[in-house]
Amino acid sequence: MTMTVNGNTVSIPNDPRVSLLDFLREHLHLSGTKKGCNQGACGACTVLVDGQRVLSCLTLAVQCSERDITTIEGLSSDGVLHPLQQAFIEHDGFQCGYCTPGQICSAIGMLEEMRRGVPSQLTGDLCAEVVAFDRDEVRERMSGNLCRCGAHNGIVDAIEDVFREAAE
Amino acid sequence: MSMFEKARETAQGVMQTVMKKAVEVAPDSWMPGGVPDPLIAAKHGHIGRPVSRIDGPLKAKGAARFAAEFRLDGMVYAALSYSTIAKGRIADINIAAAQAAPGVVLVMTHCNAPRLNPPPKFLSQNKAAGGDDLPVMQDERIHWNGQPVALVLAETQEEADHAISLIEVAYAAEPAATSLSEAIGKGTETGSFMGEPLHNEIGNADKAFADAAFTVDSVYRSPRHNHNAMEPHAATIVWEGDRLIIHDATQAVAHTAWSMAQIFDLDETDVHVTSPYVGGGFGGKTLWQHQILAAAAARLSGRPVRIALSREGVYRIIGGRSETEQRVALGSDRYGKLTALIHSGITPKSPNSALPEPFIVPTRSAYAVDNMTLDVQVCTLDMMANTFMRAPGEAVGTFALESAMDELAEKLGIDPIELRARNEPDKDPVGGVPFSSRNIVEAYRSGAERFGWDMRNAAPGSRREGEWLIGMGCATATYPYYRMPGAAARITLSDNGRATVDFAAHEMGMGTSTVQTQVTADRLGLPLDKVTVRYGDSTLPGVILAGGSQQTAAIGMAVMSAYNGLVGELLKLAGNDSPLAGLKPDEVVGINGGLAHRNKPERFENYASILTRANRHELVADGTPPMPFELQHWSMHSYGAMFCEIRVNAITGEPRVSRFLGSFDCGKILNPKTAASQFRGGIIMGIGLALTEETQFDERNGRIVNPSLADYHIPVHLDVPEIEIMWTDIPDPHTPMGAHGVGEIGITGTGAAIANAVYNATGKRVRDLPITLDKLFR
């Protein structure tokens, strides 16, 4: 059994207890994905699985057979940062940097959800094909990604800066 | 106490009193900061510019390496088992199944743990880092519910986690003090903090209160809090012979190295602690049992060890903020002039913790009042050692004091800002010394104007939009300026015109590495890309705690000292052939990659030229700053005026902070981008303190029952409105760069500003944090 991680094909571990998070961090040494609670409460471990944002601590590696995984390490290429990574720096969307990879992966997944018209609790028009970009929509949809340093304003600014036009 | 000891203590006390008085009355120019730092007046430098974090790209890429991300050959993983009783002993512990489990390398209990000295408790000695001084897995005694009783090492984390679940412990429980009311009944004593009793008396507050024309007298409560840094505590540890190497997540590298040396009977220089990145600290990332246990297990097993606490583990073995019950009684005349101020109360601590929550500290310097009684009584509970958490004392003390000021303002019919202005002190009310820089009235004026305070209707419950009641509140933020002894820095200047500056400080997200790069660049007259800052390593110079919001000042003064030494050496090396010939160190400034005469810029030689002519590849200068006597000579603090607009749902009681503004007076702001983030971060933790955060302690058995981020509610994105930050930017002439600390002040005053806004919105005065829906609904 294999999965693809940032474009590379890798074998899935034999121990079925290994979470996707621990597989990334301890087996593949991709420690950009963070472990903040290991119980799905903080979002620090968010990665993209086939383009959708997923909590890798609540996902077993063996569930990811034939899946395409993108981690924070897969967002920049040849040293060129993803525009959202650059915007996080410009808007000071982090302090300690521990929740940051999860926030960035989550925001990328969130954009696709809004483009697909997936409503949130705050969405007025449940039938809209594309959810209109709005700072409170972002706040609601990013609320699963905790930040204790309090970089929330900068994170929303960065997401708005890069995604407002893309979303509409 | 023997007569000899008593005599010695008395003599020490007399000496301290004499010394303190001498420092108070000495001329300003004798003090550190007596002559203003030249950088205060400097313009066109990097200071004051919103430079993005220099570690930003690494963090945004996920490439910054945290403590649990160091990989060592042959490394094994640790797991811990925690006691389920609060007091007693381990009667029996069965480890057979765990030892036989796949992948297990070691099971360690008190039966086979190496003999260790107890950790030196924080503040007990200069470099002590321990959260308490209890023995670490040395005997069968249990001191709190959650104490580690066994550690497993295994080849993988999964194997360690499974094996730890197989350990069976039988306890012989003993009666434990876990009820606050029962502990208070057994007696309290006056607390002490940083070597001083938490008790102050001026005049006769009881009599003045009884005689006062207007009074308020209320009791405020704050619950336990946990830091909840996003990165759980972790360490990767290896022994190289008798050398101990610890890759830690800590805000005290030098303290930890020294303390571990005491515990393991090592020479301090044989312990090397690194901590290049810390995923948030807030006071919690010091020395606790996990580093000690992992180092012991590494020694027993002969293998490098990774210990990464689970989120529950953080609650079990890392202390948090203790609860408080505070009385604030204010008396005033009919014009609002305070005549009596009583701030007293009770807080529980563990028998071995390093501090009682010192909630009266912010009150000492708050208001001009002739009659004041401040007092913290302490009782003891059998619990995890409580500890420092962001603005210990001030965070919850300002909630009580500033709520009471709001209550008094309403009774008097005076605007809350005006009431504070009428009680603005012209010198420190308790210490009697002048303030170094205090512009709180200006912070209020500019903040109120920006926030639109004049739109507030003083009558509670008078503004409603649909089902939402809207209110405004304000409160004063304050946090002391600290500069702790022990700092040092080293500047290495190379003949290619580059400088490296080294100090054993920490980057937990405060922006330390970025700001110190800016400051050093300006001091030396170099561009940012010619300066490298190295930190987060115990082998670097100095003992610099990332605590008390003091790093910027401590490092700043140390770098200034190193710079002064460097300039002296450079002028000697420059010799008689240089345009600088004959100049004294205080006649030159660092500019354009070299030194120049202060007033005649044409008398200039660049660093590369000076070093090359002297045949020097590099020049090293160490700096040790003077003792921080300025803290006794002036009353030194950061200040802020906090403004909150809140919406409370009239049907459900749901409170939502809709706008917040912090107007700060914290000296010169060195980097507007990172400073604003520090202020916002503190305010957001203050929103949690006000509305959602509570560590729930089961008084029946002393167990924390919500040890997870699902059950302990920190603010999430939707809880955080746009937070506006502004500052006076008035430099303090007596501090390095004119700056004050900015890390902790944001959490002070915020709780009261929110509670006062809730009152203005609803007419309900909640004095019991957090302000949850049930308290507003009933």
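Chain letters run A, B, ... following the sequence lines, proteins first and then strands; every chain starts at 1.
Note that CD1 of B:Ile684 is 6.0 Å distant from CG of A:Asn153, once rounded to the nearest 0.5 Å. To the nearest 0.5 angstrom, B:Leu709 atom CG is 6.0 Å from A:Leu146 atom CG. We find the CD1-CD1 distance between A:Ile89 and B:Ile54 to be 12.0 Å, quoted to the nearest 0.5 Å.
Side-chain contact check for B:Met230 versus A:Lys34: every heavy-atom pair is 4.5 Å or farther apart.
Heavy atoms from other residues, nucleotides or ligands lying under 6.0 Å from CZ of B:Arg71 number 12 at most. At most 12 non-hydrogen atoms from other residues, nucleotides or ligands lie less than 6.0 angstrom from CG of B:Asp73.
Within the 3.5 Å criterion, the main-chain N or O of A:Gln95 finds a donor-acceptor partner in the side chain of B:Lys59. Between the B:Glu231 side chain and the A:Tyr98 main chain, no donor and acceptor come within less than 3.5 Å of each other.
Both the backbone and the side chain of A:Phe94 have a heavy atom closer than 4.5 Å to some heavy atom of chain B. Both the backbone and the side chain of B:Ala68 come within contact range of chain A, each with at least one heavy atom under 4.5 Å from a heavy atom of that chain. Both the backbone and the side chain of B:Val720 come within less than 4.5 Å of a heavy atom of chain A. With a 4.5 Å cut-off on non-hydrogen atoms, A:Thr100 touches chain B through its side chain but not through its backbone. Proximity to chain B is absent for every atom of A:Leu75, based on heavy atoms less than 4.5 angstrom apart. Residue B:Glu312 does not touch chain A at all, counting heavy-atom pairs closer than 4.5 Å. With a 4.5 Å cut-off on non-hydrogen atoms, A:Leu122 touches chain B through its side chain but not through its backbone. With a 4.5 angstrom heavy-atom cutoff, A:Val138 does not touch chain B via any of its atoms. Heavy-atom distances place the side chain of B:Tyr712, and not its backbone, under 4.5 Å from chain A. Heavy atoms closer than 4.5 Å to chain B are found nowhere in A:Leu84, neither backbone nor side chain.
Per-residue heavy-atom pair counts under 4.5 Å with chain B were compared for A:Glu140, A:Gln85, A:His29, and the maximum is reached by A:His29. Per-residue counts of heavy-atom pairs under 4.5 Å with chain B were compared for A:Gly32, A:Cys147, A:Cys96, A:Gly150; the largest is that of A:Cys96. Heavy-atom pairs under 4.5 Å with chain A were tallied for B:Ala63, B:Ser310, B:Pro50, B:Pro57; the largest tally goes to B:Pro57. The greatest number of non-hydrogen atom pairs below 4.5 Å with chain A, out of B:Gln678, B:Gln157, B:Met508, is found for B:Gln678. For chain A, the option among B:Tyr277, B:Tyr77, B:Phe66 with the highest count of heavy-atom pairs below 4.5 Å is B:Phe66.
With salt bridges taken as basic N to acidic carboxylate O contacts below 4.0 Å, one links A:Arg135 and B:Glu722. Residues B:Arg306 and A:Glu26 are paired through a salt bridge, judged by an N-O separation under 4.0 Å between the basic side chain and the carboxylate. Comment: A:Glu90 does not engage B:Arg53 in a salt bridge, judged by the lack of any side-chain N to carboxylate O separation of less than 4.0 angstrom.
B:Pro232 approaches A:Gly36 most closely through the heavy-atom pair CG-O, 3.5 Å. Closest approach of A:Ser143 to B:Leu718, counting heavy atoms only: OG-N, 3.1 Å. What you find for A:Ala41 and B:Ala710 is that their closest heavy atoms are CB-N, 3.7 Å.
Each of A:His152, A:Arg141, A:Gln103 was compared with B:His717 under the side chain to side chain donor-acceptor pair (under 3.5 Å) criterion, and only A:Gln103 meets it.
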**Report entry** side chain to side chain contact (heavy atoms under 4.5 Å, CB included) evaluation trace for A:Gln39 with B:Ser708
**Finding:** CA-CA 9 Å; A:Gln39 52 192 179; B:Ser708 83; 3.2 Å; yes
Query - From CA spacing to verdict: side chain to side chain contact (heavy atoms under 4.5 Å, CB included), A:Arg148, B:Met685 - result: CA-CA 7 Å; A:Arg148 188 55 158 169; B:Met685 206 176 275; 3.6 Å; yes
Query - Residues B:Lys61, A:Ile72; criterion side chain to side chain contact (heavy atoms under 4.5 Å, CB included); working and verdict - result: CA-CA 6 Å; B:Lys61 287 192 290 189; A:Ile72 190 75; 5.6 Å; no
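With no hydrogens or angles considered, no side-chain donor-acceptor pair links B:Arg311 and A:Asn38 at under 3.5 Å.
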